[in-house]
Amino acid sequence: MAASAASRELFKEGVRAVLHTWPVLQIAVDNGFGGVYGQQKADWMVDVVQQFFHDNADLQRCEVEDFIAELMDQEFDTVVDDGSLPQLCDRLMQVFSQWQQGALQQLKHTIDTLTQKKSQRAKVTAAPTQSDDDSDDETQVMECESSEQSSVSRKDPPPPPGEEEDGWTMVRKKK
């Protein structure tokens with residue numbers, strides 16, 4: 001296993017390239033899901049993930065997925081369910097495998113390829129508003145829906161005692 005400080009730093013750069021080109025993390029940082037220190041959390045994640053690989057022998061993709069999913073949930077209040085997590089973990093496993101086998105030139109090429117993609121950041125933009133009349137209609141519909149919901153909840157009798165013990169609220173239609 002390649003263990004020199006320079007090669008370990010190269011692996012860390014590989015992890016950084018993989019994570020920083022991941023649209024889910026980009027969106028989480030850009031939109032403040034991690035709070036005011038979102039970018040610092042993303043940088044910290046690079047250190048934690050590369051250390052995770054070094055500390056655990058023979059990692060399986062599902063273990064890496066679980067670890068990163070937990071980090072995203074804890075640090076960015078984000079549940080990743082867009083299907084990108086397995087792809088991200090495959091890339092991380094590939095980078096680690098290249099580093100572990102001493103294929104440092106191949107690893108540098110992978111990093112360069114990913115770094116070029118980094119300039120293509122994911123953007124989240126609000127849908128353009130069509131016109132003032134359309135937005136008023138949408139507001140009215142939403143207000144109408146919320147008033148219907150509140151009237152239903154006012155008319156429903158309270159649930160019998162004991163049905164809320166588990167923390168769930170039962171909603172019944174009036175017959």
Heavy-atom pair with the smallest gap, counting every atom of G38 and V29: O-CG2, 3.7 Å
If you measure from CG on D30 to CD on Q39, what distance do you get to the nearest 0.5 Å? 8.0 Å
Could you tell me how the ring of F11 sits relative to the ring of W99: parallel (under 30°), tilted (30 to 60°) or perpendicular (over 60°)? tilted
Full working for side-chain contact (heavy atoms from CB on, under 4.5 Å) between K12 and H54: CA-CA 11 Å; K12 184 176 178 179; H54 289 299; over 6 Å; no
On a heavy-atom basis, which atom in L104 and which in S7 lie closest, and how many Å separate them? CD1-CB, 4.0 Å
Supply the atom-to-atom distance L92 CG to Q50 CD, rounded to the nearest 0.5 angstrom. 11.5 Å
Can you measure from OG (S97) to CG (L107) and round to the nearest 0.5 angstrom? 10.0 Å
Run V64 and F96 through side-chain contact (heavy atoms from CB on, under 4.5 Å) and show every step you take. CA-CA 12 Å; V64 178; F96 184 66; over 6 Å; no
pair L25-M45: side-chain heavy atoms closer than 4.5 Å: yes
Please determine which of Q116, E13, R16, Q106 meets the side chain to side chain contact (heavy atoms under 4.5 Å, CB included) test together with I111. E13
If I take atom CG from residue D66 and atom CZ from residue R61, how far apart are they, to the nearest 0.5 angstrom? 11.0 Å
Determine, stepwise, if the pair V24 / L88 fulfils side-chain contact (heavy atoms from CB on, under 4.5 Å). CA-CA 10 Å; V24 172; L88 173 85; over 6 Å; no
I want to check something: taking the side chain as every heavy atom from C-beta on, are W22 and V18 in contact at a cut-off of under 4.5 Å? no
Partners of D58 by side-chain hydrogen bond (donor to acceptor under 3.5 Å, both in side chains), sequence neighbours excluded? none
Just by modelled atom types, is the F33 backbone N or O under 3.5 Å from a matching donor or acceptor in the N31 side chain? no
Between L85 and V80, what is the shortest heavy-atom contact and its length? CB-CG1, 4.0 Å
Shared ILVMFWY cluster between L10 and V48, side chains joined below 4.5 angstrom? yes
Once you round to the nearest 0.5 Å, how far does CD of Q98 lie from NE2 of H109? 9.0 Å
Is E65 close to Q60 at the side-chain level, that is, under 4.5 Å between some pair of heavy atoms? no
Rounded distance [0.5 Å steps], SG in C89 versus CG in L59: 10.0 Å
Do you reckon V15 sits in the same ILVMFWY cluster as W44, going by side-chain contacts under 4.5 Å, direct or chained? yes
Name each donor-acceptor pair under 3.5 Å that joins a side chain in residues 67-79 to protein atoms two or more places apart or in another chain, with its distance.
residue, atom, partner, partner atom, Å
E70, OE2, Q74, NE2, 3.2
T78, OG1, F76, O, 2.8

Side-chain contact, heavy-atom cut-off 4.5 Å: E63 with N56? no
